[in-house]
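All values below come from the heavy atoms of this structure, side chains included, with hydrogens, waters and symmetry mates left out. Everything numeric here is computed off the predicted structure, so don't read it as measured data. Below, chains carry the letters A, B, ... as their sequence lines are ordered, and counting in each starts from 1.
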Amino acid sequence: MPATEKYLRPIGKLHAVFLASVLSLVFATIVILLIDHDDEWRDWQDRFAQIEASGLHEELQKAAIGSDGVPIAKTEAALHDELALVNSQLAGSAKYQELAASMAETERQLDLATRSLKNIRANRDVKRADYDLSIEQNLSATLRNERYDAYHSVDNEAESQEEVVGQLDLQLRGLSQSLQPFIKRRTEIEGQLKALSAGKTRIQDALDIIDPDSIARRFKRKLMTLPIIDGFNSHHKVIQDWLPDMRIALGMARPARFDRCRTCHLGIDRFGEGNRPVFPEGQFDQPFTSHPRPDLYLTASSPHPVQGFGCTSCHDGQGSATSFNNAQHGPNDPHVKAVWSTEYGYAHNHFWEYPMHSGRLLESGCIKCHHDVIELGVHQKYGASAPKAYRGWELIREYGCFGCHEINGYDGKRRIGPDIRLEPSPQEAARYAEDPALNPGTMRKVGPSLLHISQKVDPNWIAVWTKDPVAFRPSTRMPRFFGLTNTIDEHGKGLSPVEIAAISHVLQKQSTDLVLDQLQDGYVADPVRGKKLFMEKGCLACHQYDDPDFKGADQTFGPDLTAVTRKIKKGKDGFEWLYTWIRNPQKHHPRTRMPVTFLEPYQDGPITVDPAADIAAFLTQDQSWSYAAPEYSQDGLVALARLHLAGSLTDKELDVFMSTGDYPRRDSQLKGDDAVLVTDEPFNERLLTYVGKRSISRYGCYGCHEIAGYGAAKTIGTGLHDWGRKDPSRLAPEHIHEFLHHHGQADGSSTAEYVSTSLKQAAAQSFDSQEQQQAAMRTAFFYDSLISHGRPGFIFQKLRDPRSYDYRKTETKKYTERLVMPQFKLSEQDIEAISTFVLGLIADPPEAKYIYKPGDRQREINSGEVILRKYNCVACHLNDLDSIDVGVDPATFTGTQESPSFHSDALNELLEISPPVRANRDEVMRVDGVDLPVLRFRGMLQLTPDPEESDPEARNYSLTTWEPARSILNGQSSTTLPGHLVVANEMATVRVIPSTTGSFSKWRVLKAMPDGFAPKPFETTWQSGPPPLHGEGRKVHSEWLYEYVLKPHKIRHTVGLRMPEFSLSQAEASGLARYFEARDSVQYPFKADPRLAVAEFDRHAAAYQQNHPLRAKTASYDQESWSMLTTTLCIKCHAVGGVEFKSAPNDPNVTRGPDLENVSRRLKAEWLKVWVSNPKWITPYTAMPLPFPADKKDFAPLFEGDATAQTLGVRDALLRYDQIVREIHGIAIKQAAAKDVK
Amino acid sequence: MKDGDKTFYYRGWCASAFFAGLVSSGCDTTLIEPGGGAASPAAVTVYRLPAPVVEAAATHVAEQSSGVPGEIEGRIRLKGSLVLPPLVAAGGSAVDKSVCAKDAPIPDESLVIGDNSALANVFIWVEKKPAWFKSDGKIQPAKADQLGCIFRPHATIATAGQPLALLNSDSVTHNIQTYPALNPSINVNLPPGARMDTEFKRPEQKPVAAKCSIHPWMQFWTLVVDHPFAAVSGLDGAFKVSDLRPGKYKFRVWHERADYLERSLEVTVKSGEVTKIDLEYDAARFGGAK
């Protein structure tokens, strides 16, 4: 049989198979295309288009009504009618017709002539090039001349044609002018019509795209969404941000980042004029809302434009995903999670390493680029942009977490994150000094030094405190180490007291004594006066003391001193220690942040007052207490010593040692603390010392306190620099799930149960308050995270109850193996803040260009803010201003009106050194149906509505402005000068934002004002307090400030408390000096130009010669100025020019200004000019009057009463103080009498 | 209190008309009053809103009827005794000895007690301008002087918008700094014989202190109101408020050493009658023995 096709294959069957496979392939392809096409993002885009369209329709409706309330259509119809009328009139006018015709003809001619000119010019260019070539190619002279002539003739032709064009143009303009009277109205109408339809057209154009009226366009739009076709420029589009330099970590690979979030989050970057969100939260739901804070995020003018940063660089999650689930959104609590899983089938994907941060932890994303953190909490322009992460950072610094858990911000030289480490101990300092590449830590230990503890505290108190610090002082930041869940078993109960007693023993044993200050002989300290001084001298700026008189003073920088007497050694010894400490705390503890407050004895009339002694007496009044010596069992001591020694001695050796007391090893084999076991001391004491030292090492006490012998000891805890990306499988949750099932809450009840009840409540919306829900959901979130082995849950529980991870582990762990992390007294809110910060520590910084690198100025500002907070400067000094936002009527608001008393030159200087800020807030306040523009004024709030005042009209705020501000209302600009009093009725006030600094000073003022008899006015109270630092950089020379903060001297006589001397480093002092200049000075770095100063002085002197020739005959400019300074007004309040202050110098009611000798070293010349001209422009509350109003003619004959010349004269005399003194008085060196010379 | 001083505050009442007119016509819109007197660099900006006032005013109207005006008068006395030492002993001034306390001590006028424990310098005023009150628009200037390093008078009433002349009749330079809450403060020097013209544009909620920073003991108080129904008790403790239509009024009583003595003293004025109120306050409230 021949092997035909038929023989080999049954063709029919083959065809059938082929057909079937083709069909199934087609079907499969269609199915694949459909499945691929069935993306949820397309639905979201359609929904967004609907929302946008309905918004546009609304806008269209609004646009149909004109600003005068008349429908646009009506106005348009009227205009069209008028236009028709005008046109028909024009048609009937022969003159117009003639003009129009000749204009048309001229236009035609001009067009022709212009075209011709273009041709000729082109031709000329060719000829010119030909001629140029002839030179370049060195052609014969004839040829060159020929070509030149050719060029020249065309050039002539061009010129004559230009003439023609010019003529025609002129003619046309003339005609157009003649036509003007005829067509004026027509042009107007056409312009109005265009303006009317412009808004509408824009909206209509937009609508035509997303929601067209025409059926054909609708069909086309629908068609474009079909599979395959949608590949051809459909409106369904994946919107993608490609970030080649902001790489994403995917396991080991680091590809470029693609963020497609904006595919669904379509309104996220939509902002209108003044950065107003087009889709504000609250009015629109996710995913369509506009991003908050457009000044900070997404917009091109913000520091984080979406094109450069994308989304997942801050938020994390899977940016390339285009579905809700794949994007790995992070629910904010388990209730939201449950809702999501029902509505969107949400499920957490364990395999995605960095899921999106839930809202509550979002700020941890900031840390990867913002390594210095401070700018996230304090920023002049942006305010607190990440307050939670900042708070976490602050708490870690305050509570001293870094004493055990180092946060190393450097990988070698490379910066990888925030750096919070202990400063090197004296032993380590040498190593750092040798190698400049090493970056030493900068943090001081947060606890007090224990080197001289025996001199300070009651010997038995140490154990009381160590056992439970919070019981002694509820507000202490020292955590609790003993009596926690993993040490309350039998074992723990026996051994913990041994540790406490042993630690106390070692600390006392090692304590050394200092020479204490002695009171003046016979001085009797007065506790009543001490209490007064305690308040007046500023102790409450850092400390608290529970007393009705100090109500409201709740500073927590230093410890609460209410019960301090119950710890200080009893009697004279303790008193002397406290006296010494108050006078000079750095004697006892060189690294303390408590400053020297200059509480030296002074004379008050006939009596001597020693303020430090009086304050010490006030603080140690209560002596009716005593503590028993700490108790522990001998068996416990032996047992604990055995546990510790088990590493170095065998059981047999231990038995021998415990029975004989002879350490069984030779000296050369002694390890660490074992050395203390071979001394001559009694056996028991040796054991106690040994156990104490081991315990100090075990608990890491030296992480917070200076303790002898632990200078080089290492921190005991895990480093946290990369904890935020720690592999969750390396966390050890142990039996925590079980623990939380039974316990976990503060009252011992079950956290699991609490969470489950809370979730039911959340579902039923039955919480009593939002705060309650927030708190419950916080716990629920972290609980949920913990039981799914998440990092957030782990750290949260670690801070909430650190020893709970030992739950039922104690059954198999020896006492010395148990967890030692102490229990801090932190609210869950604070724990969340710390967790947010720590979770941001990923030690994986992006490309350098993304790392926050402030400019020179901002860098100085940032580091200055840290220093200001490190020493609590901002408790006394106001460093920012209060602000009030008020709706104002543009018709009547005028700003500050110029007064004839102003010196205009000085006013200009003021606006130059302190340029006006923008007062407009880009928002309106609706009052009685009228939108009033809102202005912001910044300064000092003086009056807030009296709580007892029921009359709404009398409920007012008043604020005195401290900075020039410019407002623009209805196109009119006006300036508000410092010292302008803004009185705003409560009903017109949009918001009041009090300053965040100077809380102690504010308390002082409030305390002084309503208290007692004859309340002191606001102004005088502020005059007697620390000065606000607003504008300090404009005011003082930074060189002076540097010296002043290191070694402050008395400047203000009206101020009751003196600027103390802190243990600042030179770097910190110059940092502060640079901070103020960077913040306030227009020019940075500021350097005065001496040539300008001399030129200015010469100008003033010349003007004096010219304007006051009669005076100039008798006195030089210097002499005249000097007389002005030292004989007229200034001497009423200042000591100057050798003239002593006359009024009672010790009377607190006397207004005595600063002495004026060294003014030129301290104050900048420009500032001084403004100050002398009008002190209120600088410090509105100042006691200094307006000295020489421009419209007065006082103090003649000096400068013949010319107030402006007088003002400048006084300023110049202050600046040239030393020269003038030399000039006028000369220098006389006292000749030593002959008998002294021998 | 000297006779001349009484004339001063009496003039203040007459002058109130101006401001009353200003307020009644101007408080329905945001009212902005530019400040800036001759030597005052500061301006005041006032934002006021209309709405809730209507209701409050209505209750006032309901309680006060038209009819023959009545008046209230009374005396204020101190219960207990309190004697303050002079501020500056004769010849004991540290500054400007030739003028200040040259022959006689400067008394502490923060508490002036007359015969029979009569308490002077107590302010008493109708808490809020009655809705029916309309000013006649007449306004006369007032003055405050400094003589012998003492402000004269020590306590006075000014009407908002009333021109106030500050004088210095001494032969030494003085200074005046005011401490208002709702008006711009002034701080000026007055050389011998100088005069400074100023005004309080807005009513204040409490009397305003003014001091001289060169002579720290010098102080006086001014109550700024927008109606004439205010008085200061004289050396005999007596005060009088006239021309009140019949009805209920809330008065405030205030003294510089005690702050509010009464925040809301209700008094009913009867048609054409004189209502007597005698008030007595414990010395402890003024810093006396507690």
(Q) Would you compute the distance between atom CZ of B/Arg263 and atom CG of A/Asp946 and round it to the nearest 0.5 angstrom? (A) 4.5 Å
Q. Out of curiosity, A/Arg1152 CZ to B/Ser213 OG, how far, rounded to the nearest 0.5 Å?
A. 14.5 Å
Q) Minimum heavy-atom separation for B/Asn189 to A/Leu1186, with atom names? A) ND2-O, 3.9 Å
Q. Which value, rounded to the nearest 0.5 Å, describes the distance between A/Gln942 atom CD and B/Ser185 atom OG?
A. 7.5 Å
Q: For B/Lys211 and A/Thr1020, test the side chains for any donor-to-acceptor distance below 3.5 angstrom and give the result as yes or no.
A: no
(Q) Distance check, rounded to the nearest 0.5 Å: A/Tyr957 atom OH versus B/Leu182 atom CG? (A) 14.0 Å
(Q) If I take atom NZ from residue A/Lys1176 and atom CG from residue B/Asn187, how far apart are they, to the nearest 0.5 angstrom? (A) 6.5 Å
Q. Looking at CG of B/Asn175 and OG1 of A/Thr1151, how far apart are the two atoms once the value is rounded to the nearest 0.5 Å?
A. 8.0 Å
Q | Toward chain B, the part of A/Thr1182 with a non-hydrogen atom under 4.5 Å | A | backbone
(Q) For B/Ala181 versus A/Ser958, what's the shortest heavy-atom pair and its separation? (A) O-OG, 3.3 Å
**Q.** CD (A/Gln972) with more than 12 external heavy atoms under 6.0 Å
**A.** no
Q: Might you point out which heavy atoms bring A/Leu981 and B/Pro184 nearest each other, and give the distance in Å?
A: CD2-N, 3.7 Å
Q: Mind listing the closest non-hydrogen atom pair of A/Tyr1181 and B/Gln177 along with its distance?
A: O-NE2, 4.4 Å
